[in-house]
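Take a look at the structure below.
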Amino acid sequence: MVRITLKDGTCKEFEAAPTAGEVAASIGAGLAKAALGAKVNGELVDLAHRIPTDSTLEIVTAKNRDGTVSAESLYLLRHSCAHVMAEAITRLFPGVQLVYGPPLETNFYYDMSFPPGSVMSTDDFARVEAEMGKIIEENRAFTRFNLPVEEGMEKLTREGSKYKLDNARRAVEAGSNELSWYATGTPGRDWEDLCRGPHVPSTGKIGAFKVLSLASSYWKGDEKSDRLTRVYGTAFATKEELAQFTKQSEEAKKRDHRVLGKQLKLFHIDEMVGQGLVLWTPNGGIVRSELQNFIGTELRRQGYFQVFTPHIGKLELYRTSGHFPYYRESQYPPIIEHDAMAKLADEGCTCGELSNRMAAGEVDGYMLKPMNCPHHIRIFASEPRSYRDLPVRLAEFGTVYRWEQSGEIGGMTRVRGFTQDDAHLFVREDQIAEEVLGCLSIVKLIFGTLGIEDYRVRVGLRDPDSQKYVGDSENWDKAEAACRNAVATLGVPFSEEPGEAAFYGPKIDFVVKDVIGRSWQLGTVQVDYNLPIRFDLSYVGADNKSHRPVMIHRAPFGSMERFVGVLIEHFAGAFPLWLSPEQVRVLPISEKSAEYANELLAALKARGIRASVDHANDRVQAKIKVAAEAKIPYMAVVGPRDAEQRAVSVRARGVEANLGEMSFDAFVDGIAAEFEQRLLSGAPGTVQATLGSASKA
RNA sequence: GCCGCUAUAGCUCAAUUGGCAGAGCACCUGAUUUGUAAUCUGGAGGUUACCGGUUCAAUUCCGGUUAGCGGCUCCA
């Protein structure tokens, strides 16, 4: 007797161990038909999975009870579709070896190795999709069969499948005592793949699919290993869901900061200047300086000192910090002095020798700074410090340069030159906790003001097996504890991730996703016991003895480039008033109202508001369209009627209607207040909300 | 750096098998004086990213360079 407890608490009894599918059938024919898989004791399995002992069971269908799309069903569909795609590709490209094909959050991929001379290109997608369509049409069952390890290995060896053999070996190492295959149809006759499953019952259950893109990958993620071709696709239960996905992808593309950056003239990257070097155009410059002013105010409040340091420093500085040898490959090459260069040329020094001699410290030069900390450290060290002076908090919008790999560069989120809203706090050990909290509070303030809610916090800890870290483990333990405690006090969920620490200390990172789902690190707070040692920093304690300070590195925005890039996507280019390059556009109905429009403009400008008048010889409808496309928060339409009453007709971005009239002064005051308070668009207190609620009343 | 794709007017995109490079928007003219998401007219705008090759002829085919896109790898 096997007792199966269902999700609603009811219990079903079976004489012999039933399959998950049989349980579904016992509940109802409709459910059995809709079933794609099952969760037995929380574990996702095939419908054909036999349940030998008392268990809880949940049938997985395309939709949950509440009508939402079930994540488990998508997992099953995509995993199964990966098999279908692999079968189609192996049919069309003989000799292709399969590697690994997992489902992901919004899609799936299959890594494969094409034989020499055989290449798949995007032009082949239609052929592949047609072949996949046939396989789905045939509605063949996914049939699992297991083989003992030895027999399975022998089979894979016979088939010459290098990658699958390796997958099997790892499965065995992980404790499997047998190997499983899935045949798409009948084992021995139809296409099959080594796979641990689970899958949907048959290919026909895949309602909609699409081959998305081609990419390359490395076997086991190791760049020294085999290069593989990765084919991405996606699958859904219905065509409607696929259409929805396609539509969402297109919408996301419109919010992409690279698209909006061009459209709204926020930044420009110029081939003649260099890859990954951002030029902030006037509009982007406004967004950036507003953000910098915002945080600048907070920094003064928290007792930071503003400092300024040059963009380069001697190699010796970075040898001392440890950056030069450690990150040599990802820095712009050093700058060598004229005399030194001439001397080396006379000696017939080769490039290789030069590189070695610079690393060894025999040749000096300068480097574009990859980090601001060494400069700030030298400021701290420039005068004797007493324990009473601490914490010393040095802040700078410091621009740094890193030689990122060419294939990794893109938009504003991954660049070669960027400005960190950097600060370094030199503190006593007993001050660490409070200061880290202070840093976190700035991040919280920024995210709160901008309405960024969708982020995660990562506490990066050292990987005990790695050699890349400097300093002793006792200090590491203390620093890690400080980070953990501070984040816990903050009251936000976080994850601890070993191996994610910087080489000099643990860190707290704030990570957000862009429109295409890629994660980016923004704000960061790092505790560092090591650089003070490397630079032999000290302060005089209350005991009149010399003590070592601890450093905290922090950058709440991270880099201005990346932050603004992410912010453009967050707001879809529709910045709140205080960040908008143009805050108000005055739209005279005709030339007859030009004078009144200019008067309004002057009043706005007198309050520091960024406004303009559209004097174009166009109808107001056209002016509205142009202003709407420029994503300007407010339009003030003025005609003879308004001039007579000293009023303005207000439109707010995103609202396709005239919000109503406001007096000239009330409008100017309202905009100024919304600006000053850095309100989010439509929030209580904004001109939009005031007019909106008035019109409702 | 690696794999695949892409590069045409300021922007978005066309251009049959290789045969005179085109549209919309933006820009400049002129008319219109307009009340809530595009009024009409005319004009200007190009070494088809760059370098080389094949050909009577190259935007189109081939090679290279540069840059962009999607991934991989990396990310102090």
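Every chain is numbered from 1 and lettered A, B, ... according to where its sequence line falls, protein lines coming before strand lines. Side chains are part of it too, since the values below use all heavy atoms of this structure and drop only hydrogens, waters and symmetry mates.
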For A:Lys220 and for A:Val650, find the nucleotide of RNA chain B with the closest heavy atom, then tell me which residue's nucleotide is more 5'.
A:Val650
Show your reasoning for whether salt bridge (charged side-chain N to carboxylate O under 4.0 Å, His left out) applies to A:Lys247 and A:Glu250.
CA-CA 5 Å; A:Lys247 197 176 152 210; A:Glu250 278 160 16; over 6 Å; no
Distance in angstrom units between A:Gln645 CD and B:G35 P, rounded
16 Å
Within the structure, does a side-chain N or O atom of A:Arg230 lie under 4.0 Å from either OP1 or OP2 of B:G4?
no
Expressed in angstrom and rounded to an integer, what is the separation of A:Asp463 atom CG from B:A76 atom P?
14 Å
Could you tell me whether the phosphate oxygens of B:C75, OP1 or OP2, come under 4.0 Å of any side-chain nitrogen or oxygen in A:Arg518?
no
Would you measure the distance from the P atom in B:G52 across to the matching atom in B:U59 and give it in whole Å?
14 Å
Remember a base hit wins even if backbone is also touched, and classify A:Ser216 as base, sugar-phosphate or nothing at under 4.0 Å, heavy atoms.
base
Quick one: is B:G4 close enough that its OP1 or OP2 comes under 4.0 Å of any side-chain N or O from A:Arg227?
no
Counting any heavy atom closer than 4.0 Å, what does A:Ala622 reach on the DNA or RNA strands: base, sugar-phosphate only, or nothing?
sugar-phosphate
Selected nucleotide, minimal atom distance to A:Thr122 side chain, candidates B:G71, B:G4, B:U36
B:G4
Atom-pair distance (NE2 on A:His257; P on B:G68), nearest Å:
12 Å
So, under a plain 3.5 Å distance rule, would you say the side chain of A:Gln621 forms a donor-acceptor pair with the base of B:U36?
no
Are A:Arg456 and A:Glu497 close enough for a salt bridge, meaning some N to O gap below 4.0 Å?
yes
Base, sugar-phosphate, or nothing: which does A:Glu629 touch, judged by heavy atoms less than 4.0 Å apart?
base
Between B:U48 and B:A58, how far apart are the C1' atoms? Round to whole Å, please.
11 Å
Return the nearest nucleotide to the side chain of A:Ile589; candidates are B:G35, B:G4, B:G70.
B:G35
Minimum-distance nucleotide (side-chain atoms of A:Lys592 versus B:U34, B:G70, B:C74):
B:U34
Taking any heavy-atom pair under 4.0 Å as a contact, classify A:Lys253: base, sugar-phosphate, or nothing.
nothing
Whole-angstrom distance between B:C51 and B:U8, as gauged at atom P:
16 Å
What orientation do A:Phe426 and A:Phe380 show, parallel under 30°, tilted 30 to 60°, or perpendicular over 60°?
parallel
Could you work out the separation of B:A57 and B:C72 based on their P atoms and round it to a whole Å?
46 Å
Within the structure, does a side-chain N or O atom of A:Lys625 lie under 4.0 Å from either OP1 or OP2 of B:C25?
no
Which of these nucleotides, B:C2, B:U34, B:G70, is closest to any side-chain atom of A:Ser590?
B:U34
Taking atom P of B:A76 as reference, at what distance in whole Å does atom CD1 of A:Ile552 sit?
19 Å
So what does A:Leu531 hit on the nucleic acid, given a heavy-atom distance under 4.0 Å: a base, only sugar-phosphate, or nothing?
nothing
Using a heavy-atom cut-off of 4.0 Å across all strands, would you classify A:Val637 as base, sugar-phosphate, or nothing?
base
Base, sugar-phosphate, or nothing for A:Ser649, non-hydrogen atoms under 4.0 angstrom?
base
Return yes if some donor-acceptor pair links the side-chain N/O of A:Asp124 with the main-chain N/O of A:Arg127 below 3.5 Å, else return no.
no
Rounded to whole angstrom, note down the P distance from B:C3 over to B:U60.
24 Å
Under the 3.5 angstrom rule, does the side chain of A:Glu569 hit a backbone N or O of A:His257 as a donor-acceptor pair?
yes
Report which part of the nucleic acid A:Gly505 touches: base, sugar-phosphate, or nothing (heavy-atom distance under 4.0 Å, all strands).
nothing
Would you call the rings of A:Tyr596 and A:Phe664 parallel, tilted or perpendicular, where under 30° means parallel and over 60° means perpendicular?
tilted
Can you tell me if A:Asp421 uses its side chain to pair, donor with acceptor, with the backbone of A:Met560 under 3.5 Å?
no
Exercise: identify the closest heavy-atom pair between A:Glu661 and A:Ser649:
OE2-OG, 3.4 Å
Does A:Gly411 or A:Trp403 map to a spot on RNA chain B nearer the 5' end, using the closest nucleotide for each?
A:Gly411
When both hydrogen-bonding distances must be under 3.5 Å and the geometry is Watson-Crick or G-U wobble, what is B:G70 paired with, if anything?
B:C3
For the side chain of A:Arg619, starting at C-beta, report the closest nucleotide among B:C72, B:U39, B:G35.
B:U39
Would you classify A:Asp642 as touching base, sugar-phosphate or nothing, given that sugar-phosphate means primed atoms plus P, OP1 and OP2, and contacts are heavy atoms under 4.0 Å?
base
Does the aromatic ring of A:Tyr327 sit over the six-membered base ring of B:A76, closer than 5.5 Å centre to centre and tilted less than 30°?
yes
Spell out yes or no: do the side chain of A:Tyr109 and the base of B:G70 have one donor N/O and one acceptor N/O closer than 3.5 Å?
no
Indicate, with a heavy-atom threshold strictly under 4.0 Å, whether A:Gln275 touches base, sugar-phosphate, or nothing.
sugar-phosphate
Does B:U36 have its OP1 or OP2 closer than 4.0 Å to a side-chain nitrogen or oxygen of A:Arg651?
no
Under 3.5 Å, is there a donor-acceptor pair between the side chain of A:Arg562 and the main chain of A:Thr413?
yes
From the options B:U39, B:U12, B:G1, select the nucleotide whose nearest atom is closest to the side chain of A:Asp618.
B:U39
At under 4.0 Å between heavy atoms, what does A:Arg414 touch on the DNA or RNA strands: base, sugar-phosphate, or nothing?
base
Please give, in whole Å, the distance from B:G71 P to A:Asp111 CG?
14 Å
Give the rounded distance in Å between these two atoms: CZ of A:Arg534 and P of B:A76.
16 Å
Mind checking whether A:His376 and A:His424 have parallel, tilted or perpendicular rings, split at 30° and 60°?
perpendicular
Report the distance from atom CG of A:Asp222 to atom P of B:C74, rounded to the nearest whole Å.
9 Å
For A:Gln405, answer base if it contacts any base atom (sugar-phosphate contacts may also be present), sugar-phosphate if it contacts only those atoms, and nothing otherwise; contact means non-hydrogen atoms under 4.0 Å.
base
Rounded to the nearest Å, what distance is computed from the CG atom of residue A:Asp270 to the P atom of nucleotide B:U66?
17 Å
Pairwise P distance, B:C40 and B:C25 [rounded to whole Å]
9 Å
Looking at every strand, decide which applies to A:Gly407 at a 4.0 Å heavy-atom threshold: base, sugar-phosphate, or nothing.
base
Categorize A:Ile516 for me: base, sugar-phosphate, or nothing, with a 4.0 angstrom heavy-atom threshold over every strand shown.
sugar-phosphate
With rounding to the closest Å, how many angstrom separate the P atoms on B:G71 and B:U65?
24 Å
Would you say the side chain of A:Ser330 and the base of B:A76 hold a donor-acceptor pair, judged only by whether the two atoms sit under 3.5 Å apart?
yes
Paired with B:A57 by Watson-Crick or G-U wobble geometry, both distances under 3.5 Å: which nucleotide is it?
none
Nearest-angstrom distance, P atom, B:U33 to B:A15:
43 Å
Which base, if any, makes a Watson-Crick or G-U wobble pair with B:C13, both distances under 3.5 Å?
B:G22
